[in-house]
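In what follows, a structure is listed as structure tokens, so that the remarks can point back to it.
Quick caveat: nothing in here was measured; it's all calculated off a predicted structure.
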Amino acid sequence: MSTEQVGTGRNELDDALVPRLRVIEEQPLDQRASAYAQVHDELKSRLEGSDSTGPNA
């Protein structure tokens, strides 16, 4: 997926995601799982936090 398809509510943290994923892909295979798990946890936290801070909150 290209960054143009991501959406309009982007910020500097969103812009940092693709380079961060590229860095993870360059790591040895045995280190990738923990790095992806950390990214997953951070994204999940942001998404769950947006539920309570959305426009209808």
Go through the steps to decide whether Arg22 and Val18 satisfy the test side chain to side chain contact (heavy atoms under 4.5 Å, CB included), and finish with yes or no.
CA-CA 6 Å; Arg22 287 187 182 132; Val18 172; 3.5 Å; yes
Regarding Arg20 and Glu42, does a basic nitrogen lie under 4.0 Å from an acidic carboxylate oxygen?
yes
Apply side chain to side chain contact (heavy atoms under 4.5 Å, CB included) to Tyr36 and Glu25, showing your working.
CA-CA 9 Å; Tyr36 279 125; Glu25 280 297 311; 2.3 Å; yes
Result of checking Arg32, Glu26, Gln31 against Pro28 for side-chain contact (heavy atoms from CB on, under 4.5 Å):
Gln31
Could you give the distance from NE2 (His40) to OG (Ser45), rounded to the nearest 0.5 Å?
11.0 Å
